[in-house]
Amino acid sequence: MQSSRELQNQLRSIDHKSYPAYKALRGSYQFDGYQLNIDHVQGDPFAAPSHVSVFVPASVAAFPEYAVKNDLTRQALSDFLARQFAKQVNQYTFKAKGSGKSGLISVTQCGQEVLYRTACEVTNKGITARFAVGFPANGRTINARELEKILFEYLPVCVTQAFSYKNLNAKAVQAAVELAEDQDYIRKQLDTMGLVAFVADHAVLPRESGISSKPMKNSVEFESPESLRVSMELPHKGTITGMGIPKGITLIVGGGYHGKSTLLTALELGVYNHIAGDGREYVITDESALKMRSEDGRFIKDVDISMFINDLPNKKDTRCFSTEDASGSTSQAAGIIEGMEAGSRVFLLDEDTSATNFMVRDAFMQRVVSPDKEPITPFLSRAKALYEQAGISTILVAGSSGAFFHIADTVIQMDNYRPVDITEKAKALCASFPISEEMPTPFSMPQSHRIMTKDANGATRRRDYRTGAVKKDEPERLKVKVMGRDGFALGKQNVDLRYIEQLIDTEQTAALGIMLKYAVEKLIDGKRTLSDIAEYMITQMQKKGLSFFAEGSYIPGGYAMPRPQEIYACLNRYRRA
Ligand code: ADP
Ligand code: MG
């Protein structure tokens, strides 16, 4: 490794040269208390900024043992530090001047959820922070003095302020770690207590606005109905009380605008931990919970949807169903089966975003359209078996159909943003509003195992550009282009993730992009099933982090770990394999 002095000398020697001379800076340099790595240098001042990282050894950072003792605490600490570093860096970005992206220092701006990000990783060796710097130039002429300011004046302040325990608020560090331990405790407690979710008393569920995930001010605090109130002893916070949502089928009802969807959304995001002050710190859901909605037009490949759909007029085999353009009901049927394959123990559904004909069929309609003319066995007729035979609970927001009262184990009414347990009342009324019980075919576990294959027309093989011949054994280098949170393109294929509502961060989408690329280039072989591939990638991600999927020798900042559920969802929506 070179010294920082040597970097300084190099900088001075390339000043005023043309931009590509910056390339010579690639390498590692020892600074006082940390190592600076220039991992990738941009080609010109208008291109994507250069990738830079710093490594602070554990001995220098000197965090107390409690903060670095296991994956959970290290994740909480990484998130905390990423936020501290961003605060520091934001003061210095564009202080250095020049053309294009000159002087930009860009780091991840974390949201309300705590995610594992490549922007900042804590291991027992130390802290690695990854970010991007726009190497300064005037026109295309290097302005090395400005880069010297960034690397020798600004960054050292940011690094020592953010990554050295003695410069941080010790109480805040401790609070972040203890919160994560309490949240983890609740999540682990759920199963033993027979619950799928917990919403603490005093939680703040609504958000400031449709475009802000900050808590709403002056909202009605959450208050559990007495009958559903449970209490837990958290390792740090002590006693906490709140509403426990039991396993089984839970219905959330209530008049329009009374807070049903707000509760469901909080439960959806309860698979993640939230930062202190969010209002949803103690809204905790089973980590495998899957929100599902109707997704017209999606791609489906080889899914056994016969549990819900049979005898289609076009005689398609629904035990191995494929389509380029799903209907609302087939998309939801496939979503459930894929969710089962991904190991989800809870499904979250909102009637408003579900396909009506997938959810229920009322008595009148059954009378008019006889069952042998109707290919769909609605979710209403399957939910109970899904729980009793496959152990999968359902939380369903229902605003219009009363049929679900008949199968619900728990009924919660949202009344002016306050939950009321109306299970008894609803059950008593069921007798007066009978549903004509459809006789569905017996429940059996789905049998599909999609085998991922390479595109037949050679899209994943590189072609010789003159002869057009496929170059054997030389995989095509696919490019990933991330389009915000909503999806990405892999080569020429768009992967649409708009309706994957528990995918919450562009960095997760970016991670799915490199993971799918890895799968296409290295794993899909016409033999492995989709779940073989998903499980392999999940294991590697958990063991080695997202750098496992890095293309070169390093991974830049800008990637956050998705959940296994979203990895499955992404593979399932890839049309080319
Ligand atoms: P529903 O799904 O029952 O129609 P929503 O959950 O969409 O109702 O909530 C309607 C509105 O009320 C939203 O604008 C939401 O932000 C607001 N809201 C939800 N919960 C609360 C609360 N606890 N306090 C204040 N406002 C709330
Ligand atoms: Mg609603």
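Order of appearance sets the numbers: ligands from 1, and atoms from 1 within every ligand.
The 4.0 Å heavy-atom shell around ligand 1 contains residues P206, M216, S219, V220, G255, G256, Y257, H258, G259, K260, S261, T262, Y417, ordered by chain and number.
The pair D184-R187 does not count as a salt bridge, with every side-chain nitrogen at least 4.0 angstrom from each carboxylate oxygen. A salt bridge links R229 to D201: at least one charged side-chain nitrogen sits closer than 4.0 Å to a carboxylate oxygen. Look at E295 and R498 and you find no salt bridge, because none of the NZ, NE, NH1 or NH2 atoms lies under 4.0 Å from a carboxylate O. Electrostatic pairing of K237 and D182 does not count as a salt bridge here, judged by no charged N lying under 4.0 Å from a carboxylate O.
Checking H202 against E221 by side-chain atom types alone, a donor-acceptor pair falls below 3.5 Å.
The number of protein N/O/S atoms found under 2.8 Å from the Mg ion (ligand 2) is 1.
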Identify all side-chain donor-acceptor contacts of residues 386-395 below 3.5 Å with residues at least two apart in sequence or on another chain.
residue: S393; atom: OG; partner: G248; partner atom: N; Å: 3.0

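Minimum interatomic distance between D296 and S327 (heavy atoms only, all atoms of both residues): OD1-C, 3.8 Å.
Here the side chains of S78 and R117 are not in contact, with every heavy-atom distance at 4.5 Å or above.
Listed by chain and number, the residues in a side-chain hydrogen bond (donor to acceptor under 3.5 Å, both in side chains) with R280 are D278 (sequence neighbours excluded).
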